[in-house]
Amino acid sequence: MSQTPSETAGATAAEVDPADAERFAEYAAPERLVSTEWVAAHLDDPQVVVVESDEDVLLYEVGHIPGAVKLDWHTDLNDAVLRDYVSPEALARLLGERGIGRGTTVVLYGDKSNWWATYALWVLSLYGHEDVRIMDGGRDLWIAEGREMTREAPARAAVDYPVVERDDRTLRAFRDDVLAHLGTGPLVDVRSPEEFSGERTTAPAYPEEGALRAGHIPSAQNVPWGKAVREDGTFRSRAELEAIYLDGAGLRAGGDVIAYCRIGERSSHTWFVLTHLLGLEGVRNYDGSWTEWGSLVGVPIVQGAEPGQAPAVRR
Amino acid sequence: MTLTAGLQRAVDDFQAVAEPDRLQLLLEFADELPALPARYAEHPDLLERVAECQSPVFLFVEVDDAVHVHATAPEEAPTTRGFASILAQGLEGATPEEALAVPADMPRLLGLDRAVSPLRLRGMAGMLGRIQRQIRERLAERA
């Protein structure tokens, strides 16, 4: 019998370091971020499992933080047959094998400004894993600071992770949710301006795949995900983020934002920023995203740089 | 449609190890990707970008009596480097006819579907297709 998230939460979380608490205090949920210093000081903490999650399936093997385990967004977190995340049973097996228990403090980091690390965080959040954090600056900052990397596989004993139901209603939006949302709530499209306007269906320099039509969902504001980070991969200050998302894109607290991109990975990054750094409530990630919307029959699409009007939709 | 001797060796090597170890083998190939000869390193305009790959990978094919593939991809894209290295090593010294006879679905023979995913293997098929097109172009230039 599976358990709901609240029934299995518990176990003491790893301490928040006072220096980190001060550094991240300006964010809505400062406990969601840790610094590279914090990670370096907690490599032997039995309460903590450091997890690398990258775009490239082989990058972890090239070198990783000592003791860190690997979660691949594609081969580990996505079901091999269904277009969906792995089942509760598969997730329990996966995390247990990695030495992660329900009460473990999971610290995620990865390449490309934590793009894929935030995706993994969002998937773990669907499963209600309570204490999951991001190492600010990700893999590149750790390397830039000259910190230790290894190719050695970690020796971490497997533990039991409970079979927990996934909550697909709170943090996740499906296409029908987006249709119902049109004209009533804000949408944020975090893809590149070229994908938003309809010049192309994939990110610049990425392969063309998966969508039959180009453009964006009507009324969506275009805020490319990478705007949320600085050159060194760390998150921008709260004031800068507010200028981008609240003043710039007009998002508001309680606005029930739905974020999307191409397959829901870049929008996981924005979901993290809106939810945990700016503290907006009710933000959902539409992981079907453009590879679904751009191939659905009859749904409204707008091309060009302007958001466009949300049409009356036949339901 | 047959593999070159070099590609057959690579396929045999991958098939000889268990699935989890195939990633390590791919990493070895990635580590072995030779640096570009200076004449290409100084002339990035000669290199063709492979648009099917997520990471920037550039390649150039020389044809004399045999085929020589030169490729470069960033250190932080080891999967792409590994694919490029398998193709560069596996096609090195083959005749143009042998290289053109390599079937388009050759990447599937490596047995990396589960370890790497078919999505990522598509990038390797894209590289192979571009290499074969460049071979045809080089042959046409000579004719």
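Within every chain, numbering begins at 1; the chains are lettered A, B, ... in the order of the sequence lines, protein sequences first and strands thereafter. Every heavy atom of this structure was used, including side-chain atoms; hydrogens, water molecules and symmetry mates were not. Keep in mind that what you see is a predicted model, and the values were worked out from it rather than measured.
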Criterion side-chain hydrogen bond (donor to acceptor under 3.5 Å, both in side chains) on E292(A) and Y260(A), from CA distance to verdict: CA-CA 11 Å; E292(A) 177 173 81; Y260(A) 73 94; over 6 Å; no

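- Only the side chain of R151(A) comes within less than 4.5 Å of a heavy atom of chain B; its backbone N, CA, C and O stay farther away.
- Interface remark: D72(A) contributes side-chain atoms only to the contact with chain B (heavy atom separation under 4.5 Å).
- Using a 4.5 Å cut-off between heavy atoms, R114(B) touches chain A through its backbone atoms (N, CA, C, O) alone.
- For the 3.5 Å distance criterion, the side chains of T79(B) and D56(A) qualify, holding a donor opposite an acceptor.
- Contacts between residues 19-35 of chain B and chain A, defined by a heavy-atom separation under 4.5 Å, are made by L23(B), Q24(B), L26(B), L27(B), D31(B).
- Of residues 134-143 of chain B, no residue lies under 4.5 Å from chain A by any heavy-atom pair.
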Derivation of the ring pair (Phe, Tyr, Trp, His ring centres under 6.0 Å) call for H70(B) and F60(B): CA-CA 5 Å; H70(B) 306 288; F60(B) 188 80; 7.3 Å; no

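- Contact between R98(A) and V49(A) at its shortest, heavy atoms only, is O-CG1, 4.2 Å.
- Ion pairing of D84(A) with R172(A) is present here, as a side-chain N (NZ or NE/NH1/NH2) and a carboxylate O approach within less than 4.0 Å.
- Among the candidates Y85(A), F272(A), W73(A), the single residue satisfying the ring pair (Phe, Tyr, Trp, His ring centres under 6.0 Å) test with W122(A) is Y85(A).
- Checking each of R191(A), R266(A), E265(A) against W225(A) for a side-chain contact (heavy atoms from CB on, under 4.5 Å) leaves exactly one that passes, namely R266(A).
- Salt bridge annotation for E76(B)-K112(A): absent, with no cationic side-chain nitrogen under 4.0 angstrom from a carboxylate oxygen.
- For the pair D79(A) (side chain) and S87(A) (backbone), a donor-acceptor distance under 3.5 Å is absent.
- Comment: R230(A) does not engage D232(A) in a salt bridge, judged by the lack of any side-chain N to carboxylate O separation of less than 4.0 angstrom.
- In plain terms, the two heavy atoms of P103(B) and L3(B) that are nearest each other are CD-CD2, 3.9 Å.
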